[in-house]
2 protein chains.
Amino acid sequence: MKVTIKDIANKAGISPASVSRILTNRGRFNADTAVRVRAIATAMGYLKNQSAADLAQKQSHVVGVLVPTEHTNFADEIIKGMQAKAHELNYELLVTFIESDEVRQLQTVQSLLSRQVLAIFMLAIDPSDALLEMLTRSDVQLISISNQLNTKIPSISSDNYAMMHQVVDFLYQKGHRDIALIGSSEPDPIVARLRRQGFIEALAKHNLPYHPEFIWGDKNNYETGLAAIKHFKTPLPFTAAIGSADIISVGLLNGAKDAGIVVPTDFSIISVDGTELTQLTRPPLNTVQQNFHLMGSLAITALVEQTLAPSAVLFTETKLIAGGTVEKIIAS
Amino acid sequence: MKVTIKDIANKAGISPASVSRILTNRGRFNADTAVRVRAIATAMGYLKNQSAADLAQKQSHVVGVLVPTEHTNFADEIIKGMQAKAHELNYELLVTFIESDEVRQLQTVQSLLSRQVLAIFMLAIDPSDALLEMLTRSDVQLISISNQLNTKIPSISSDNYAMMHQVVDFLYQKGHRDIALIGSSEPDPIVARLRRQGFIEALAKHNLPYHPEFIWGDKNNYETGLAAIKHFKTPLPFTAAIGSADIISVGLLNGAKDAGIVVPTDFSIISVDGTELTQLTRPPLNTVQQNFHLMGSLAITALVEQTLAPSAVLFTETKLIAGGTVEKIIAS
DNA sequence: TTGAAAGCGGTACCAC
DNA sequence: GTGGTACCGCTTTCAA
């Protein structure tokens, strides 16, 4: 039998109300009885029923997290960041993977919602209209992480536009003039759009030619990297490529290897994301690294402190990480 | 303002009790009013408060999942398996990463427990005594996944003992006679013990010499793989190694590459786990693959159907996956 | 400072 | 078949 607040109250000879006050440290109570009550509580192995407490308080300490079933490479890092902060502040995370099937998506979110979550964090999610409608209709706080949404949903991400400048600047410095961007060709995720835009404008800034066909591949997966090399054939029409996700870059690297292209001598690769994956390749990938952990903890902080305006866009720092896949070449 | 069962009852001119029966499909009710009530419910945008329901029913639909912060490579796959099944059966997953600091561990589990979880699944976790005590003291159902525990906790995993036979048999067939096992040297996790035992007995079965020093490395991480190559130096005293986790195998492969050892010509590697990581290397890794997805869904099924005896040990199939890191050699 | 009591949103027993 | 109602475990006025 579970021990409740009433059991403690009986044992201590006081009312449940007092026990509640003591155990939650709210309101006034006698310090002496407090120590006694706390002792009894631990002695009896009391465990607060947080759901009951939430129900009574009409507010929840649970945060729902929506994670796409695919590319969860960096999601992990974000979740860890959130969790570290959440636990510190006594919040719980209800992490839910969400697949592409829309019907199941809605079901999933529905059950999250019926858990009375305080907020829902969307990790790198581009919600469908139906999903977005369901989400905004309910009055949970929404935060988009690692993706900006054009709606009234605040977001925390890297400055994807600036990040592309960082990357192109770096490649330019290394003498590269013909640069491809692999994996952000579709207009749909806002992130892809921002990256394309940053990429194009960074090229312009350096007076580099812009070849629309050098922006290729829409899916953020391994196959996109492999396929890109097959698509452009040997010799590649560019000297460097930006992989718009680590897994794409690994695909590029392996694809190049398969095609007899030597990296970085014949072809340079720089990756966007900078998860551990970039350290597992030979050579290790140059990369611009996002601070996923920070995104996660910022999200929780922002939620708790309510510091995020509905249309706020928060950026975390990105930094270049050295690797062995970019070579300095003589600008032609 | 949230719409409740009472609001619906008022609107429909019936009692909350009836609405509850209709919405949960329990007990008897008039089919006609049922459709009417359901229509009203959706029209008003009703969302069941599952926590309140759990409270009233004194039973929870939430399953807590404990995941170690490190090597989460295959944890993902297990979680997806659990989630697929869980949602089908209307259960929720409360996934929690657990770090090595014991104090924080206990806190984490405490808050899980106070969420009134139905069960706690431990993914590849070797609980400390304190943790185990806390867990068993509470009356939640426990299931260990991907790790066997010597206590009265049921487990679902691969047959680690048999798996090592599978691997050694394979290498033996390919002509290998001197085989190392990297990453299971410590006696502590039961899994490591079982693997070592299976490994040693499989060698004996084939009348192969057993070199205790060929079982090397205790941590399941990338560095262990790299370090193993440095430790044994060139030329390696064995012709093949078993990496006791994919990430170790990647370390072995890269370490070999760094040392100028050609895989598989000079040195064969076979990995244990078989996550996608094994497909990202060049050459791709041979591996014995565990069915993590199945472990996850089985766990949920077993929980719901209560088919798992306290000391049950459930095994899922493992299978050999071809790759490019094992070469047939002439037995010396 | 403390206690009685009224809920929070649902469920389930029991009578009608 | 349907409704009244007493809880589930905790919080929170409000009075004492």
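A note on names: the letters A, B, ... follow the listed sequences, proteins ahead of strands, and every chain is numbered from 1. All figures in this text were calculated on a predicted structure; none of them were measured in a lab. Only heavy atoms go into these numbers, but all of them, side chains included; no hydrogens, no water, no symmetry mates.
Rounding to whole angstrom units, NZ of residue B:K2 and C1' of C:dG10 are separated by 15 Å. When rounded to the nearest whole Å, the span between NZ of B:K6 and C1' of C:dA6 equals 11 Å. Regarding A:H61, its NE2 atom lies at a distance of 15 Å from the P atom of D:dC10, rounded to whole Å. Straight-line distance from the CG atom of B:N49 to the P atom of C:dG9: 7 Å, rounded to whole Å. In this structure, A:D54 atom CG and C:dC8 atom C1' are separated by 11 Å, rounded to whole Å. Taking atom CG on A:L55 and atom P on D:dT11, their separation rounds to 11 Å, with Å as the unit. In this structure, CZ of B:F29 is placed 10 Å from P of D:dG1, rounded to the nearest angstrom. Atom CD1 of A:I5 is separated from atom C1' of C:dG3 by 14 Å (rounded to the nearest Å).
The side chain of A:S15 places no N or O atom within less than 4.0 Å of a non-bridging phosphate oxygen (OP1 or OP2) of C:dT2. Between A:K58 and C:dG7, a side-chain N or O to OP1/OP2 separation shorter than 4.0 Å is absent. OP1 or OP2 of D:dT11 sits under 4.0 Å from a side-chain N or O of A:S20.
Remark: side-chain polar atoms of A:Q105 are paired, donor with acceptor, to backbone N or O of A:E99 under 3.5 angstrom. For the pair A:Q148 (side chain) and A:V313 (backbone), a donor-acceptor distance under 3.5 Å is absent. Of the possible donor and acceptor atoms, one in the side chain of B:K80 sits under 3.5 Å from a partner among the backbone N and O of A:T69.
Of the residues in residues 32-47 of chain B, B:Y46, B:L47 come within less than 4.0 Å of DNA chain C through at least one heavy atom, sorted by number.
If you check every strand for non-hydrogen atoms under 4.0 Å, B:S51 touches nothing. In this structure, A:R21 reaches the bases: a heavy-atom distance under 4.0 Å links it to at least one base atom across the strands shown.
No side-chain donor from either of B:Q50 and A:S111 sits under 3.5 Å from a side-chain acceptor of the other. Using modelled atom types and a 3.5 Å distance limit, the side chains of B:S51 and A:Q116 yield no donor-acceptor pair.
Proximity note for B:A53 (side chain, C-beta onward) versus C:dG9, C:dT2, C:dT11: the nearest is C:dT11. The B:A52 side chain lies nearest to C:dG10 when the options are C:dG10, D:dT11, D:dG1. Of the candidate nucleotides D:dG9, D:dT12, D:dG4, D:dT12 has the atom nearest to the side chain of A:A17.
At least one side-chain heavy atom of B:S146 sits under 4.5 Å from a side-chain heavy atom of B:I78. You'll find the side chain of B:S158 reaches within 4.5 Å of the side chain of B:M295, heavy atoms only.
Along DNA chain D, the nucleotide nearest B:I14 and the nucleotide nearest A:K48 are compared for position; the residue whose nucleotide lies closer to the 5' end is B:I14. Two residues, B:A56 and A:Q57, neighbour DNA chain C, and the one matched to the more 5' nucleotide by heavy-atom proximity is A:Q57.
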Checklist entry - After noting the C-alpha distance and the side-chain angles of B:K2 and B:D7, does the key distance pass the salt bridge (charged side-chain N to carboxylate O under 4.0 Å, His left out) rule? => result CA-CA 9 Å; B:K2 285 253 159 66; B:D7 300 329; over 6 Å; no
